[in-house]
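One structure is given below, encoded as structure tokens.
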Amino acid sequence: MASSREETRLNEILTPFDITKDEMMKIKDLILKELKLGLKRDTHNTADTKCYPTYIQSYPSGCEHGMFLVTTIHAVKVHVLFFHLKGENDYRLDEESSDIPEGINQAVELFDFIVEKLHKLVKSLNLEREPLPLTMVLPYPLLQINLASAILLKFTTKLKIAGMENKDVGQMMRESMRRHPNIRFELTAVINDVTSAFMSAAWRHKNVRISFIVGAATNAGYWEKVSNIESVIQTRKPEMLVNTDIAEFGSSGQLEFLATEFDEALEKLSPTKGQNIFEKMASAWYMSELSRRVIIKCINENIIFGGQSNVQLNRQDALKFANVQGTLVEADQYLYMSLMLDKLGINLPSETDCARIHHIMEKVVTRSASLVAAAIVAMIEIIDEPDIKIGLDGEVCNSLPIYHNMIRSKIDSILKPEHTYELVEANDEHGRGGAITASLILQEDYIYENLNTA
């Protein structure tokens, strides 16, 4: 009898995480409206989804070839990569990752550090004499000036590095390269990670029109008619990839009706109050932290662990996304959770406890999938083409196979029957799309130069 009461109460706690079909339709319509506001010149600045033009206007063929450098900055690490694209969707990858030294606190120092790491990689490959094209792939909002220059609008890492925001990162990179006269590589492109993911997915799959990243951060891009992007004046082709900055959707209060008591408690502690609301309901860190807070409430209400509190579990960040992933993916979920909880000082949890924790995490992840699905349907309706492919990337998409199924189920619940789609994996290994982008840029520049001189 007590168990029945506990199950009923658990369901009451978790019900606010459910998003109904009608609510998904509402979210989809709100996103559709915001995307259109982001495209218009007069409303772009006040729109949550800014819809930044990327100046990417061509699709890869899968036959791109050549040698390219790519660099990315993630959290406290710099990744430098060498891609040898060999055509027919084949490539070779060499990479090195380095922690950013704590002593670096200025943008100039960071870019010098990146250039030195690139030079070291090139030297190790005996390619110092090659004028290798370089692409910077950044997981932050960028306002593209052109393909080789972009204003960094927001820069968030655990390190405090001054002089990055609202600066042309392409220009800063070129200045650093000039301070190192022995290098021969050349900056070809500065792009956002959602652009890289799009190119990586399109390299392997035809008809990719949308890319969606769900990981530590969340973002999406989609293929749009240039005539609808009012901030773009002169372009070579009639269509362009748009970076939506979907993470910011909800910052004007559109998602308040979905906020649970756990979302509200997290928001009170957030250093970015009122910002990135969509991301806070969809991304990896929030999945694990929301799950932890629900578990704590269930302990306090004697639903889990017999009401026995735990000091380690009470700490923020006690649960990681890897714990959510393991709980939902591992074949022997009871064994996995027993080991996971043992590390937190909780010995011999019951199978009922583990089943309830699984239920909690599944609900939180399903809500994320519902939001992503609503956004994808909004973009499908804007594009309005048959057989659209959506490239999925990011830690959540790549490590949770059931997440694809959740998204697919939610899309199917609200998508009009005249639209067809397929979810595909982008697999953008640290920025493979950056190498593909550079290849396309060089190929197109060569074609246009020859056309203009013919």
> Do side-chain atoms of Glu95 reach the backbone of Val80 as a donor and acceptor pair under 3.5 angstrom?
Replying inline: no
>> So does Ala220 get a backbone contact from the side chain of Thr244, meaning a donor-acceptor N/O pair under 3.5 Å?
In response: yes
>> For Asp48 and Ser251, which I'm curious about, is there any donor-acceptor pair between the side chains at under 3.5 Å?
In response: no
>> For a side-chain contact (heavy atoms from CB on, under 4.5 Å) check, start with the C-alpha distance between Leu319 and Met361, then their side-chain angles and the critical distance, and finish with the verdict.
In response: CA-CA 11 Å; Leu319 288 181; Met361 292 181 175; 4.0 Å; yes
> At their closest point, which heavy atom of Tyr286 faces which heavy atom of Glu279, and how far apart are they?
Replying inline: CD1-O, 4.0 Å
>> Assess the residue pair Lys280 and Asp263 against the criterion (side-chain contact (heavy atoms from CB on, under 4.5 Å)); give the C-alpha distance rounded to whole Å, side-chain angles, the decisive distance to 0.1 Å, and a yes or no.
In response: CA-CA 8 Å; Lys280 288 172 179 175; Asp263 296 297; over 6 Å; no
> Judged by modelled atom types alone, do Asp412 and Tyr421 share a side-chain donor-acceptor pair under 3.5 Å?
Replying inline: yes
> Looking only at heavy atoms, what is the nearest atom pair of Leu258 and Arg367, with distance?
Replying inline: O-NH1, 3.7 Å
> How long is the gap from CG on Leu339 to CG on Leu344, to the nearest 0.5 Å?
Replying inline: 11.5 Å
> Taking atom types as modelled and ignoring hydrogens, do the side chains of Asp353 and Ser350 form a donor-acceptor contact shorter than 3.5 angstrom?
Replying inline: yes
> Cys298: what forms a side chain to side chain contact (heavy atoms under 4.5 Å, CB included) with it, not counting sequence neighbours?
Replying inline: Leu10, Ile13, Val294, Ile303, Ile304, Ile360
> Looking at Ile114, Val70, Thr71, which one forms a side chain to side chain contact (heavy atoms under 4.5 Å, CB included) with Leu134?
Replying inline: Thr71
> Nearest 0.5 Å, what's the CG-OG1 distance between Leu30 and Thr49?
Replying inline: 11.0 Å
>> Is it the case that the ring center of Tyr140 lies less than 6.0 angstrom away from the ring center of Phe155?
In response: yes
>> For a quick check under 3.5 Å, do Asn219 and Asn243 share a side-chain donor-acceptor pair by atom type?
In response: yes
> What pairs meet the salt bridge (charged side-chain N to carboxylate O under 4.0 Å, His left out) rule with one or both residues in residues 24-38, with sequence neighbours excluded?
Replying inline: Lys28-Glu381
>> Keeping Gln57 on the side-chain end and Glu239 on the backbone end, is there a donor-acceptor pair under 3.5 Å?
In response: yes
> Who are the side chain to side chain contact (heavy atoms under 4.5 Å, CB included) partners of Arg204, not counting sequence neighbours?
Replying inline: Asn89, Tyr91, Arg432
>> Can a donor-acceptor pair be found, under 3.5 Å and without considering hydrogens, that links the side chain of Thr235 to the backbone of Lys237?
In response: yes
> Hey, does the side chain of Thr437 reach the backbone of Gly433 with a donor-acceptor pair shorter than 3.5 angstrom?
Replying inline: yes
Enumerate, atom names and distances included, each donor-acceptor pair closer than 3.5 Å involving a side-chain atom of residues 385-399, sequence neighbours excluded.
| from | atom 1 | to | atom 2 | distance (Å) |
| --- | --- | --- | --- | --- |
| Glu385 | OE1 | Arg209 | NE | 2.9 |
| Asp387 | OD1 | Thr420 | OG1 | 2.8 |
| Lys389 | NZ | Lys206 | O | 3.3 |
| Asp393 | OD1 | Asn398 | ND2 | 2.9 |
| Asp393 | OD2 | Asp428 | N | 3.4 |
| Asn398 | ND2 | Gly394 | O | 3.3 |
| Ser399 | OG | Glu395 | O | 2.6 |

>> I want to check something: taking the side chain as every heavy atom from C-beta on, are Glu267 and Glu264 in contact at a cut-off of under 4.5 Å?
In response: no
> Residues in side chain to side chain contact (heavy atoms under 4.5 Å, CB included) with Lys268, at least two apart?
Replying inline: none
> How long is the gap from CD1 on Ile31 to CG on Leu255, to the nearest 0.5 Å?
Replying inline: 7.0 Å
> Around atom NZ of Lys273, are there more than 12 heavy atoms of other residues, nucleotides or ligands at under 6.0 Å?
Replying inline: yes
>> Show, in sequence, the C-alpha distance, side-chain angles and deciding distance for Val364 and Phe262, and conclude whether the side-chain contact (heavy atoms from CB on, under 4.5 Å) test is met.
In response: CA-CA 11 Å; Val364 173; Phe262 309 102; over 6 Å; no
>> Between Ser283 (side chain only) and Thr218 (backbone N and O only), is there a donor and an acceptor less than 3.5 Å apart?
In response: no
> Just by modelled atom types, is the Met67 backbone N or O under 3.5 Å from a matching donor or acceptor in the His84 side chain?
Replying inline: no
> Between the side chains of Ser368 and Tyr403, does any donor sit under 3.5 Å from an acceptor?
Replying inline: yes
> According to the side chain to side chain donor-acceptor pair (under 3.5 Å) rule, which pairs have a member within residues 318-327, sequence neighbours left out?
Replying inline: Asn323-Tyr336
> Would you call the rings of Trp223 and Phe198 parallel, tilted or perpendicular, where under 30° means parallel and over 60° means perpendicular?
Replying inline: parallel
> How close do Val194 and Gly221 get, heavy atom to heavy atom, and via which atoms?
Replying inline: CG2-N, 3.4 Å
